[in-house]
Amino acid sequence: MSQNAQVAITFDDNNQIRVLESDKYKETENLKNESLSFLKKIVNFNETVEGVIDVLNTQAQRIENEKLKSVGVRNKIEGESESRKRKAQELQSLLNEKKMELERLQTEYELLLKVTAEQKLLIDKLTNNES
């Protein structure tokens with residue numbers, strides 16, 4: 001009973017029974033309203049933060065995709081450069097082979113001209129001897 005003796009039961013302006021005094025009840029209601037307002041602000045803030053995080057994640061993904069594309073393009077360009085060098089070496093090698101073949105054929109032609117000239121001299125000599 002000693003605990004019940006300390007509790008003060010009062011009536012508010014609407015004639016409702018209150019365990020707390022009127023001013024403490026109003027402070028409690030005010031605190032409750034402020035807490036709800038704060039909670040709404042926190043929820044709104046969390047929604048805004050989630051929106052910002054979603055936008056940042058989307059941008060991060062786009063950036064990552066562009067990085068991968070640029071790496072692919074760079075590799076392709078480097079591969080193209082190496083491919084051109086290889087092609088130039090192949091063409092140079094082919095050119096050298098053709099030059100060597102030309103020299104061989106020119107030498108062979110010169111020898112054939114010499115043989116033809118010798119054969120003509122021999123034919124002329126034989127025809128002059130017969131007459």
Side-chain angles (χ1 to χ4, degrees):
M1 283 291 248
S2 65
Q3 289 180 354
N4 289 340
Q6 293 176 357
V7 175
I9 298 177
T10 58
F11 293 94
D12 64 4
D13 295 336
N14 297 330
N15 293 324
Q16 298 214 355
I17 298 175
R18 301 286 176 209
V19 177
L20 293 176
E21 294 178 13
S22 159
D23 57 341
K24 289 185 180 180
Y25 176 74
K26 287 179 184 177
E27 287 178 21
T28 305
E29 282 294 314
N30 190 20
L31 183 60
K32 178 181 122 180
N33 291 336
E34 287 179 12
S35 296
L36 288 175
S37 175
F38 180 73
L39 181 63
K40 287 178 186 177
K41 289 178 183 178
I42 291 294
V43 168
N44 187 19
F45 179 73
N46 280 339
E47 290 172 355
T48 303
V49 168
E50 286 175 2
V52 169
I53 288 173
D54 287 343
V55 168
L56 291 176
N57 285 338
T58 302
Q59 290 295 351
Q61 187 62 41
R62 286 182 186 165
I63 289 169
E64 198 60 36
N65 290 342
E66 290 301 317
K67 279 183 184 178
L68 291 174
K69 284 180 186 177
S70 66
V71 167
V73 168
R74 183 179 62 209
N75 289 342
K76 186 176 180 180
I77 289 171
E78 288 173 358
E80 185 66 28
S81 174
E82 292 173 7
S83 174
R84 286 183 182 182
K85 286 178 185 176
R86 258 193 319 276
K87 186 69 173 174
Q89 288 174 347
E90 289 173 6
L91 290 174
Q92 187 63 42
S93 175
L94 181 63
L95 181 63
N96 290 339
E97 288 176 16
K98 294 296 181 182
K99 282 181 180 179
M100 288 173 48
E101 185 177 357
L102 176 63
E103 287 177 18
R104 183 184 61 78
L105 290 173
Q106 283 176 339
T107 305
E108 187 177 335
Y109 177 70
E110 289 171 3
L111 288 174
L112 288 173
L113 286 176
K114 197 186 259 187
V115 168
T116 304
E118 288 175 1
Q119 287 177 351
K120 278 186 180 182
L121 283 174
L122 183 61
I123 290 174
D124 286 342
K125 205 188 252 186
L126 288 175
T127 53
N128 286 339
N129 283 341
E130 285 180 8
S131 327

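In what follows, residues are counted from 1 in the order of the sequence shown.
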Problem - Approximate separation, where rounding is to 0.5 Å, of N129 CG and D124 CG - result: 11.0 Å

Handout entry: Given K26, E34, E27, K32, the one that forms side-chain contact (heavy atoms from CB on, under 4.5 Å) with N30
Key = E34

Exercise for the section: Examine distances only and state if a side-chain atom of S93 and a backbone atom of Q89 form a donor-acceptor pair shorter than 3.5 Å. Expected result: no

Exercise for the section: Scan side-chain atoms only and decide if Q61 and N65 contain a donor-acceptor pair under the 3.5 Å cut-off. Expected result: yes

Handout entry: Euclidean distance, N96 CG relative to L91 CG, rounded to 0.5 Å
Key = 11.0 Å

Fill in the blank from the handout: Which of Q59, E64, E66 passes side-chain contact (heavy atoms from CB on, under 4.5 Å) with R62? It is Q59

Practice task
Mind checking the NZ-OG spacing from K87 to S83? Nearest 0.5 Å is all I need.
Solution key: 8.5 Å

Problem - R86 and E90 ion-paired at < 4.0 Å - result: no

Handout entry: Reported CG-to-NZ distance for the pair N128 and K125, which is rounded to 0.5 angstrom
Key = 10.0 Å

Exercise for the section: Indicate, with yes or no, if L122 and L113 share a hydrophobic cluster defined by side-chain heavy-atom contacts under 4.5 Å among Ile, Leu, Val, Met, Phe, Trp and Tyr. Expected result: no

Exercise for the section: Using a 4.5 Å cut-off on heavy atoms from C-beta on, say whether the side chain of T48 contacts that of N44. Expected result: yes

Practice task
Working to the nearest 0.5 Å, report the span between CD1 of I77 and OG of S70.
Solution key: 10.0 Å

Practice task
Would you mind reporting whether L105 and E108 have side-chain heavy atoms less than 4.5 Å apart?
Solution key: yes

Exercise for the section: Could you walk me through whether E118 and K114 pass the side-chain contact (heavy atoms from CB on, under 4.5 Å) test, one step at a time? Expected result: CA-CA 6 Å; E118 288 175 1; K114 197 186 259 187; 4.0 Å; yes

Fill in the blank from the handout: One should read off an interatomic distance between L68 CG and I63 CD1, to the nearest 0.5 angstrom, of 12.0 Å

Exercise for the section: Check step by step if side-chain contact (heavy atoms from CB on, under 4.5 Å) holds for E78 and N75. Expected result: CA-CA 5 Å; E78 288 173 358; N75 289 342; 4.0 Å; yes

Exercise for the section: Report the C-alpha distance between V71 and R74 in whole Å, list the side-chain angles of each, state the deciding distance to 0.1 Å, and finish with yes or no for side-chain contact (heavy atoms from CB on, under 4.5 Å). Expected result: CA-CA 5 Å; V71 167; R74 183 179 62 209; 3.9 Å; yes

Exercise for the section: Taking T28 for its side chain and K24 for its backbone only, find out whether a donor-acceptor pair lies under 3.5 Å. Expected result: yes

Practice task
Evaluate the side-chain proximity of E101 to K98: yes if any heavy-atom separation is below 4.5 Å, no if none is.
Solution key: yes

